[in-house]
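Input: a single structure, listed below in structure tokens.
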2 protein chains.
Amino acid sequence: MHSKFGFLSYEISHIIRQRFNKAAEPTGFTHAQWRALVHLSENQNCRQIDLAEILEIKPITLVKQIDLLEEAGLVRRNKDSEDRRAYRLELLPKAHAVMQQLWEIADAVEAQVLKALAVEEQHTLNALLERIKTDINAKSSSEELLGSMVPP
Amino acid sequence: MHSKFGFLSYEISHIIRQRFNKAAEPTGFTHAQWRALVHLSENQNCRQIDLAEILEIKPITLVKQIDLLEEAGLVRRNKDSEDRRAYRLELLPKAHAVMQQLWEIADAVEAQVLKALAVEEQHTLNALLERIKTDINAKSSSEELLGSMVPP
DNA sequence: TAAATATAATAAGCAAGGGTCATTATATTT
DNA sequence: AAATATAATGACCCTTGCTTATTATATTTA
């Protein structure tokens, strides 16, 4: 029998995104922007390219999300004083209020989705997923390393 | 500390889809069509609306996937003899050959992604996700039931 | 130090996956 | 018979992400 981890993880995360987007609709923010906000708050004043790497999306994909967050007054692009090509992303005060609201939605959606599991099982699940994620990241950076050692 | 199950499951399934789509590119099928094929093979001769419900997508979204699978000669729409509005979806012989090839890709991608976990841990992970999925399905059908008992 | 190369942000335009709303042809209920 | 519900689908839109190319700087190399 084949494993269905791929389908399962996709289906569950799809449900989470759908429910989040629906519940967050009045705020005007989507799950993708929410993800950017959370990672930005954990890496304040980073450059766009850094945040893109953290989010594992291409810089051009992030540009549009930042545009939206900037229009909404949650984020400001500050010129990097040391590199005139780059911007530093600043999380504005308004962002914290919005994020509090979005965390409530995110937590509620997640609790609903995970309610079939005991708290201990939820920890196990998260720990297993964290290990998968860490391993993937480690592998891709060792590949990058390998790539840089074998120039074209 | 907030749980990040939503982000984790999204990120991992996104990686799986990306890798699958890349590896399956020569076959001309995407992960969404692959998912439809697998669920159809487990529910042969069902109607489009049934398959859409199984896949948790809207019927109109499925229409396009079935169009592609039909063009590729993997699926045939047969008129339902009891309901002239409906089609029954038949998996053609060619589908089985293609699916064998796609299972190899899917299994390889999954093995790569899950390789940080011991086989036993992989089983635990799948079992936990299955329980989440089952619980969500059970809840949504009881909601439907409830809905039908309280007409608008 | 001038020239080649790399990098940060971004514009233009595309793909995949999914959705809403409306339509047509049947079924089912009233 | 008339009203309502349902299966498939057409027209068109959204979200998230991508590739390729451009501009303005930085950095490296010859």
Side-chain angles (χ1 to χ4, degrees), chain A residues 6-7 10-11 13-22 24-25 28-36 45-70 75-89 144 147-148 151-152, chain B residues 7 10-11 13-22 24-25 28-36 45-53 55-70 75-89 144 147-148 151-152:
Chain A
F7 291 157
Y10 172 69
E11 288 159 14
S13 70
H14 185 221
I15 288 167
I16 290 175
R17 295 201 124 208
Q18 274 186 147
R19 292 187 182 178
F20 180 93
N21 284 340
K22 196 166 179 182
E25 222 197 307
F29 301 102
T30 66
H31 193 270
Q33 283 138 247
W34 165 233
R35 195 162 86 91
N45 269 63
C46 67
R47 298 171 308 162
Q48 286 185 209
I49 198 166
D50 300 325
L51 185 56
E53 201 187 336
I54 290 163
L55 294 170
E56 295 176 281
I57 59 179
K58 302 293 164 195
I60 185 63
T61 302
L62 183 60
V63 166
K64 299 162 200 167
Q65 303 291 352
I66 300 296
D67 285 349
L68 294 169
L69 294 174
E70 198 171 35
V75 166
R76 185 164 57 199
R77 284 172 165 104
N78 296 316
K79 289 266 180 202
D80 186 325
S81 54
E82 290 175 10
D83 186 338
R84 296 202 290 172
R85 295 168 305 182
Y87 291 113
R88 296 276 164 182
L89 299 173
E144 272 162 34
S148 69
Chain B
F7 292 157
Y10 172 69
E11 288 160 14
S13 70
H14 185 223
I15 287 168
I16 291 176
R17 296 200 123 203
Q18 274 186 148
R19 292 186 183 179
F20 180 94
N21 284 341
K22 197 168 179 181
E25 222 197 308
F29 300 102
T30 66
H31 192 271
Q33 283 137 247
W34 165 234
R35 195 162 85 92
N45 271 63
C46 68
R47 298 171 307 163
Q48 287 183 208
I49 198 166
D50 300 325
L51 185 55
E53 200 187 337
L55 293 170
E56 295 176 280
I57 59 179
K58 301 293 163 194
I60 185 64
T61 303
L62 183 60
V63 166
K64 302 160 201 170
Q65 303 292 351
I66 300 296
D67 285 350
L68 295 169
L69 293 174
E70 197 170 37
V75 165
R76 186 164 56 201
R77 283 172 165 105
N78 296 315
K79 289 267 181 202
D80 186 325
S81 55
E82 290 178 8
D83 186 338
R84 297 203 291 174
R85 294 168 305 181
Y87 291 114
R88 294 276 164 183
L89 298 173
E144 273 161 33
S148 71

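Labels below follow one simple rule: chain letters A, B, ... track the order of the sequence lines, proteins then strands, and each chain is numbered from 1. These numbers come from the heavy atoms of this one structure, side chains and all, not from hydrogens, waters or symmetry mates. Everything quoted here is computed from the prediction, not taken from an experiment.
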Sugar-phosphate, base or nothing in reach of I60(B), heavy atoms under 4.0 Å: base
For the student: nearest non-hydrogen atoms of Q33(A) and G28(A), plus distance: NE2-O, 3.9 Å
Contact check, side chains of F29(B) and L69(B), non-hydrogen atoms, under 4.5 Å: yes
Pairing of R77(A) and E70(A) as salt bridge, 4.0 angstrom limit: yes
Closest nucleotide among dG18(C), dA8(D), dC18(D) to the A86(B) side chain: dA8(D)
Side-chain heavy atoms of I66(A) within contact of V63(A), under 4.5 Å: no
Atom pair distance, as rounded to whole Å: CD in E25(B) and C1' in dC18(D): 12 Å
Phosphate OP1/OP2 of dA15(C): any N21(B) side-chain N/O under 4.0 Å: no
Gap separating the CG atom of L62(A) from the CD atom of E56(A), nearest 0.5 angstrom: 13.0 Å
Touch class at under 4.0 angstrom, heavy-atom based, for I49(A) against every strand present: sugar-phosphate
Sugar-phosphate, base or nothing in reach of D80(B), heavy atoms under 4.0 Å: nothing
Nearest-Å distance for atom pair CZ/C1', residues R77(A) and dT10(C): 9 Å
Salt bridge present between D50(A) and R47(A) (N-O < 4.0 angstrom): yes
Which residue lies more 5' along DNA chain D, comparing A32(A) with E82(A) via nearest heavy atoms: A32(A)
Nearest-nucleotide 5' precedence on DNA chain C, R88(A) against Y10(A): R88(A)
For DNA chain C, the dot-bracket pattern of Watson-Crick and G-U pairs whose distances stay under 3.5 Å, | for other-strand partners: ||||||||||||||||||||||||||||||
Lys NZ or Arg CZ of R35(B) over Y10(A) ring: under 6.0 Å, within 45°: no
Euclidean distance, atom NZ of residue K64(A) to atom P of dC14(D) [Å, nearest integer]: 14 Å
Gap between atom OG1 of T30(A) and atom CD of E25(A) - 0.5 Å precision: 11.0 Å
OP1 or OP2 of dT16(D) under 4.0 Å from side-chain N/O of T30(A): yes
Integer-rounded Å distance: dA26(D) P and R47(A) CZ: 12 Å
Q48(A) CD - dA24(D) P separation (whole Å): 17 Å
Interatomic distance, R17(B) CZ vs dT16(D) C1' [rounded to whole Å]: 12 Å
Distance below 4.0 Å between T61(B) side-chain N/O and dG17(C) OP1 or OP2: no
Minimum-distance nucleotide (side-chain atoms of V63(A) versus dA26(D), dT20(C), dA9(C)): dA9(C)
Given dT25(D), dA8(C), dT15(D), the nucleotide with the shortest approach to the side chain of R84(A): dT25(D)
Pairs: protein N or O with nucleotides 4-6 of chain C N or O, under 3.5 Å:
none

Nearest-Å distance for atom pair CD1/P, residues I66(A) and dT15(D): 17 Å
Atom-to-atom span, CD of Q18(A) to P of dG17(C) - whole angstrom: 15 Å
Close aromatic pair by centroid cut-off 6.0 Å: H31(B) and F7(A): yes
Closest non-hydrogen atom pair between S13(B) and S13(A), with its separation: OG-OG, 3.3 Å
